[in-house]
Protein chains: 2
Amino acid sequence: MGERYLKSIRLLAECMQGFERLSGRHVREQGLTHAQFDIIATLGNTPGMSYKELGERTLITKGTLTGVIERLEQKGLVARERSPVDARSWFIRLTPQGEQLFADVFPRVTARGGEVFAQFTESDYEQLEQALAHLKSVIAASP
Amino acid sequence: MGERYLKSIRLLAECMQGFERLSGRHVREQGLTHAQFDIIATLGNTPGMSYKELGERTLITKGTLTGVIERLEQKGLVARERSPVDARSWFIRLTPQGEQLFADVFPRVTARGGEVFAQFTESDYEQLEQALAHLKSVIAASP
DNA sequence: TATTGTTATACTCTATAACTATA
DNA sequence: TATAGTTATAGAGTATAACAATA
């Protein structure tokens with residue numbers, strides 16, 4: 001009876017899965033894993049951030065994050081600098097190659113997305129965005 | 001410029017991530033991995049299905065699926081029978097313990113969900129469902 | 001004392017490709 | 001010839017807990 005919302009969650013999961021199905025191939029073609037692309041996409045269009053913030057945004061735990069960042073660093077896609085204000089902390093950002101990859105892969109994934117959304121009208125967007133923003137706000141408000 | 005839809009995708013991803021953050025703990029408390037819970041949830045409330053169908057629904061590739069199902073079988077949560085119509089194929093279904101776990105974990109996750117959605121009105125649901133169903137349909141229609 | 005990130009452990013997932021058995 | 005699932009391989013992600021350095 002208290003499961004009115006299950007239909008929404010199921011739809012949400014199916015949409016995400018559908019989108020991942022479409023984008024996954026391009027990600028793998030660039031030699032990136034899902035976790036690695038998650039980091040690249042999270043760092044893209046930002047000045048960079050700490051492990052802590054990256055972990056919170058991607059849901060990758062700190063122990064795992066060390067390894068993922070290490071592999072991205074070896075590939076020359078991210079760089080680390082010590083935080084100027086907290087000597088325990090690092091600041092991770094995309095390198096120029098990382099930016100380039102982001103600028104290359106993301107549009108490829110999203111060009112695909114563009115096709116998918118070709119028939120979306122402005123009104124469709126507004127309805128979807130409003131509904132999702134509302135959902136996000138109640139989820140975020142949950143402890 | 002052709003990136004009007006990026007906001008929707010970002011919202012979609014943030015909603016999924018928020019929900020996973022809320023449900024993840026309960027899943028792990030039951031000793032299940034993400035992939036394993038994915039299978040249990042996919043088999044729940046169905047008569048069962050083949051590896052092929054499970055793989056299509058969960059995006060887990062066939063080689064991986066063999067191992068995931070094997071571990072669930074060892075835990076006594078799923079059972080396999082040969083398909084009566086195709087001797088190459090299996091029919092995987094939840095065992096009574098699997099059903100029990102599904103009936104136990106899912107509400108625990110979703111009770112959490114219930115709290116989150118407590119303030120959702122019927123109209124909120126309808127708008128979200130309609131928007132997501134539309135999105136799903138255009139994604140599914142994409143090759 | 002609490003927090004940021006590292007290391008160690010043990011296991012699971014992952015993609016990929018070659019393979020077996022059946023269709 | 002094509003398809004359902006298995007096996008083999010090599011690597012990556014995962015949670016967890018104990019640890020270091022710094023706050």
Side-chain angles (χ1 to χ4, degrees), chain A residues 17 20-21 23-43 48-75 77-93, chain B residues 17 20-43 48-75 77-93 105:
Chain A
Q17 208 162 62
E20 272 167 20
R21 194 192 311 269
S23 65
R25 194 167 53 84
H26 299 287
V27 170
R28 261 171 280 124
E29 273 170 5
Q30 295 295 327
L32 294 178
T33 65
H34 181 279
Q36 288 168 11
F37 181 70
D38 209 0
I39 298 293
I40 299 282
T42 302
L43 289 174
M49 64 192 76
S50 67
Y51 280 83
K52 177 178 162 58
E53 190 173 351
L54 264 179
E56 283 167 357
R57 293 212 198 183
T58 59
L59 298 188
I60 298 174
T61 54
K62 59 185 180 179
T64 304
L65 207 47
T66 299
V68 177
I69 298 294
E70 198 171 85
R71 284 179 281 276
L72 286 173
E73 199 179 15
Q74 279 165 6
K75 291 182 183 182
L77 299 173
V78 307
R80 308 187 308 165
E81 302 161 8
R82 277 293 181 188
S83 161
V85 294
D86 186 336
R88 297 168 303 180
S89 185
W90 294 92
F91 201 74
I92 299 113
R93 58 175 176 74
Chain B
Q17 207 161 63
E20 272 167 20
R21 195 191 311 270
L22 295 181
S23 64
R25 194 166 53 82
H26 299 289
V27 171
R28 261 173 278 122
E29 274 169 4
Q30 296 295 327
L32 294 178
T33 66
H34 181 279
Q36 288 168 10
F37 182 68
D38 210 359
I39 299 293
I40 298 283
T42 302
L43 288 176
M49 64 192 76
S50 67
Y51 279 83
K52 178 176 161 61
E53 190 172 352
L54 264 179
E56 283 166 359
R57 292 213 198 182
T58 59
L59 299 187
I60 298 174
T61 54
K62 58 184 181 179
T64 304
L65 207 47
T66 299
V68 177
I69 297 295
E70 196 171 84
R71 284 179 282 278
L72 286 173
E73 199 178 15
Q74 279 164 5
K75 292 182 185 184
L77 298 174
V78 307
R80 308 188 308 166
E81 301 160 12
R82 278 292 181 189
S83 160
V85 294
D86 186 336
R88 297 169 302 179
S89 185
W90 294 92
F91 201 73
I92 299 113
R93 56 175 178 77
V105 171

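Convention: sequence-line order gives letters A, B, ...; per-chain numbering from 1.
Rounded to a whole Å, the CG atom of A:L32 is 14 Å from the P atom of C:dA15. Taking atom CZ of residue B:R88 and atom C1' of nucleotide C:dC19, one finds them 15 Å apart after rounding to whole Å. Rounded to whole Å, atom C1' of C:dT6 lies 14 Å from atom CD of A:E73. As rounded to whole Å, 10 Å separates atom P of C:dT14 from atom CG of B:L59. Spacing between atom CD1 of B:I39 and atom C1' of C:dT14 amounts to 14 Å, rounded to whole angstrom units. Rounded to whole angstrom, the span from the CG atom of B:L65 across to the C1' atom of C:dT14 amounts to 12 Å. Rounding to whole angstrom units, CD1 of residue B:I69 and C1' of C:dT12 are separated by 14 Å. The CD atom of B:Q36 sits 7 Å away from the P atom of C:dT12 (whole-angstrom rounding).
Residues A:I92 and A:Y51 approach most closely at CD1-CD1, 3.3 Å, considering heavy atoms. Between A:M49 and A:T42, the shortest heavy-atom contact is CE-O, 3.7 Å.
Within 4.0 Å (heavy atoms only), B:S83 reaches no atom of the nucleic acid at all. Counting any heavy atom pair closer than 4.0 Å across all strands shown, B:T66 reaches a base atom. As judged by a 4.0 angstrom heavy-atom cut-off over every strand, B:G67 is placed among residues making no nucleic acid contact. Within the nucleic acid shown, B:T33 comes within 4.0 Å of sugar-phosphate atoms alone, with no base atom in reach, counting heavy atoms only. Within the nucleic acid shown, B:R82 has no heavy atom closer than 4.0 Å to any nucleic acid atom.
Positionally, the nearest nucleotide of DNA chain D for A:R71 lies more toward the 5' end than for the other of A:V85 and A:R71. Each of B:K62 and A:T64 was matched to the nucleotide of DNA chain C holding its nearest heavy atom; the match closer to the 5' end belongs to A:T64. Sequence order on DNA chain C of the closest nucleotides to A:R28 and A:D86 puts A:D86 first from the 5' end.
At distances below 3.5 Å, not a single donor-acceptor pair connects side-chain atoms of A:Q36 with backbone N or O atoms of A:L72. In this structure, B:R57 contributes its side chain and B:K52 its backbone to no donor-acceptor pair below 3.5 Å.
Distance check, rounded to the nearest 0.5 Å: CD1 of A:I69 to CD of A:Q74 gives 12.0 Å. Interatomic distance, A:E56 CD to B:Q17 CD, rounded to the nearest 0.5 Å: 11.0 Å. Atom OG1 of residue B:T33 and atom CD1 of residue B:I39 lie 9.0 Å apart, to the nearest 0.5 angstrom.
For DNA chain D, the span of nucleotides reached by chain A at under 4.0 Å from its heavy atoms goes, 5' to 3', from D:dA12 to D:dA23.
At the phosphate of C:dT6, OP1 or OP2 sits under 4.0 Å from a side-chain N or O atom of A:Y51.
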